[in-house]
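Below is one structure, written out as structure tokens, with a few remarks after it.
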Amino acid sequence: MLMLPMFPLQLVVYPGEKLNLHIFEMRYRQLINEVAVSGNTFGVPSFITNQVMNFGTEVELLEISKKYDDGKMDIKTRGIRIFKLHEFFPKGLNKLYAVGEVEKLDLETKGDIFLAAEILDKTEQLYKMLKINKPLPENPKDLQIYKIAHDIGLSLSQEYELLTISSEKARQDFVLDHLNRLLPTVTKIEEIRRKAKLNGHFKNIIPPKF
């Protein structure tokens, strides 16, 4: 078990993800200033439905990009590893910010190459329909689920559920199931949009022969 400073946020941070934050609350200014001096990490547990969830991500401070005259700051961080939160304390001893007792979890990154290829194909379809201009790996073996998790239409609760899945194969199954359900809906929306654009235009429609 390990005690970490806690910075609950209404989002999900994944290992390897870079996150830029504007720090304005006094308690988190204290946290970041202490982390900047000590070089220690801190935890970002997800805050969903008005509660601190049981899983989060240990985060390292990369840099303080800007300090304002009033003490506020802009920072750059990166997710390191997932943890399970066993005990949450709203205030640490002599601290303004929360602390938590956490268990660091091992991350399984090896998935199924065939599932990865299918996910890559469906993600490319989604990006094309939604005009998302983000690079995807050419080789399925280079596809990491965490890299696309924020860009495939998952809700916050779904993103959190993905965070709690320890196996890459299980994460692949989760994402593929989501894409299989999402793509027909997006296709239908695109068809509605296309028809709406044509509304009022002269239509060259060949009538059926009887």
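Start at 1 with the first residue, then count along the sequence.
- The two residues A116 and P140 come nearest to each other via the heavy atoms CB-O, 3.4 Å.
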Could you go step by step and tell me if L107 and I82 meet the side chain to side chain contact (heavy atoms under 4.5 Å, CB included) rule?
-> CA-CA 8 Å; L107 184 64; I82 298 169; 4.3 Å; yes
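- Y28 has its ring centre less than 6.0 Å from the ring centre of F7.
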Can you list the steps and then say if K110 with E168 is a salt bridge (charged side-chain N to carboxylate O under 4.0 Å, His left out)?
-> CA-CA 6 Å; K110 187 175 182 180; E168 179 71 2; over 6 Å; no
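- Atom CG of D106 sits in a sparse spot, with 12 or fewer heavy atoms from other residues, nucleotides or ligands closer than 6.0 Å.
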I would like to know whether M6 and V102 meet side chain to side chain contact (heavy atoms under 4.5 Å, CB included); could you show each step before the answer?
-> CA-CA 10 Å; M6 290 284 115; V102 306; 3.9 Å; yes
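- Taking the six-membered ring where the residue is Trp, the centroids of Y68 and H22 are separated by under 6.0 Å.
- Heavy atoms only, all atoms of each residue included: K147 and G16 are closest at NZ-O, 4.4 Å.
- Between L96 and K91, the shortest heavy-atom contact is O-CG, 3.8 Å.
- From E138, atom CD reaches atom CG of D142 across 9.5 Å, with rounding to the nearest 0.5 Å.
- Other residues, nucleotides and ligands contribute over 12 non-hydrogen atoms within 6.0 Å of the CD atom of E63.
- F88 and M53 are members of different hydrophobic clusters when ILVMFWY side chains are connected at heavy-atom separations under 4.5 Å.
- Under a hydrophobic clustering in which Ile, Leu, Val, Met, Phe, Trp and Tyr are joined whenever their side-chain heavy atoms come within less than 4.5 Å, directly or via other members, V175 and V12 fall into the same cluster.
- Of the possible donor and acceptor atoms, none in the side chain of D121 sits under 3.5 Å from a partner among the backbone N and O of A117.
- Other residues, nucleotides and ligands contribute only 12 or fewer heavy atoms inside 6.0 Å of the CE atom of M26.
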Donor-acceptor pairs under 3.5 Å, side chain of residues 39-49 to any protein atom, not counting sequence neighbours: which ones?
{"unit_1": "N40", "atom_1": "ND2", "unit_2": "S38", "atom_2": "OG", "d": "3.2"}
{"unit_1": "T41", "atom_1": "OG1", "unit_2": "E58", "atom_2": "OE2", "d": "2.5"}
{"unit_1": "S46", "atom_1": "OG", "unit_2": "L11", "atom_2": "O", "d": "3.0"}
{"unit_1": "T49", "atom_1": "OG1", "unit_2": "Q51", "atom_2": "NE2", "d": "3.4"}

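- Counting heavy atoms from C-beta on, the side chains of K134 and D151 come closer than 4.5 Å.
- Within the model, atoms CZ of R81 and NZ of K104 stand 4.5 Å from one another, a figure rounded to the nearest 0.5 Å.
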Let me see the working for L179 and I119 under side chain to side chain contact (heavy atoms under 4.5 Å, CB included), right down to the final yes or no.
-> CA-CA 8 Å; L179 290 171; I119 291 168; 4.1 Å; yes
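- Counting only distance, with no hydrogens or angles, the side chain of R29 and the backbone of F24 share a donor-acceptor pair below 3.5 Å.
- In this structure the side chain of S166 never reaches within 4.5 angstrom of the side chain of E108, judged on heavy atoms.
- In this model, no donor atom of one side chain and acceptor atom of the other lie less than 3.5 Å apart for K84 and N54.
- Counting non-hydrogen atoms of other residues, nucleotides and ligands closer than 6.0 Å to NZ of K122 gives a total above 12.
- The backbone N or O of Q158 sits nowhere less than 3.5 Å from a side-chain atom of E161 that would complete a donor-acceptor pair.
- No side-chain heavy atom of N33 sits less than 4.5 Å from a side-chain heavy atom of V37.
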Given side chain to side chain contact (heavy atoms under 4.5 Å, CB included), test L85 with F55 step by step and report yes or no.
-> CA-CA 6 Å; L85 182 61; F55 288 83; over 6 Å; no
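- Here R27 contributes atom CZ and K95 contributes atom NZ; the two are 15.5 Å apart, rounded to the nearest 0.5 Å.
- Put simply, I32 and V59 are part of the same group of oily side chains (I, L, V, M, F, W, Y) that touch within less than 4.5 Å, one to the next.
- Of the candidates I75, I64, T77, L61, L61 is the only one forming a side-chain contact (heavy atoms from CB on, under 4.5 Å) with V35.
- In this structure, CD in E60 is found 9.5 Å from NZ in K18, a value given to the nearest 0.5 Å.
- Under a hydrophobic clustering in which Ile, Leu, Val, Met, Phe, Trp and Tyr are joined whenever their side-chain heavy atoms come within less than 4.5 Å, directly or via other members, L143 and I165 fall into the same cluster.
- Expressed to the nearest 0.5 Å, how far CG of L176 lies from CZ of R171 amounts to 15.0 Å.
- One hydrophobic cluster, built from ILVMFWY side chains closer than 4.5 Å, cannot hold both I80 and L31; they sit in different ones.
- Residues F83 and L105 have side chains not in contact (no heavy-atom distance under 4.5 Å, counting atoms from C-beta outward).
- Summarising the geometry of T123 relative to I152, their closest heavy-atom pair is CG2-CG2, 4.2 Å, with the distance given to 0.1 Å.
- A donor-acceptor pair under 3.5 Å links the side-chain atoms of D112 to the main chain of L115, judged by distance alone.
- Nearest heavy atom pair, residue E159 against residue Y14, reads O-OH, 2.7 Å.
- With no hydrogens or angles considered, no side-chain donor-acceptor pair links Y97 and E25 at under 3.5 Å.
- Note that CD of E103 is 5.0 Å distant from CE of M1, once rounded to the nearest 0.5 Å.
- Listed here is the closest heavy atom pair of A149 and L154: O-CD1, 3.5 Å.
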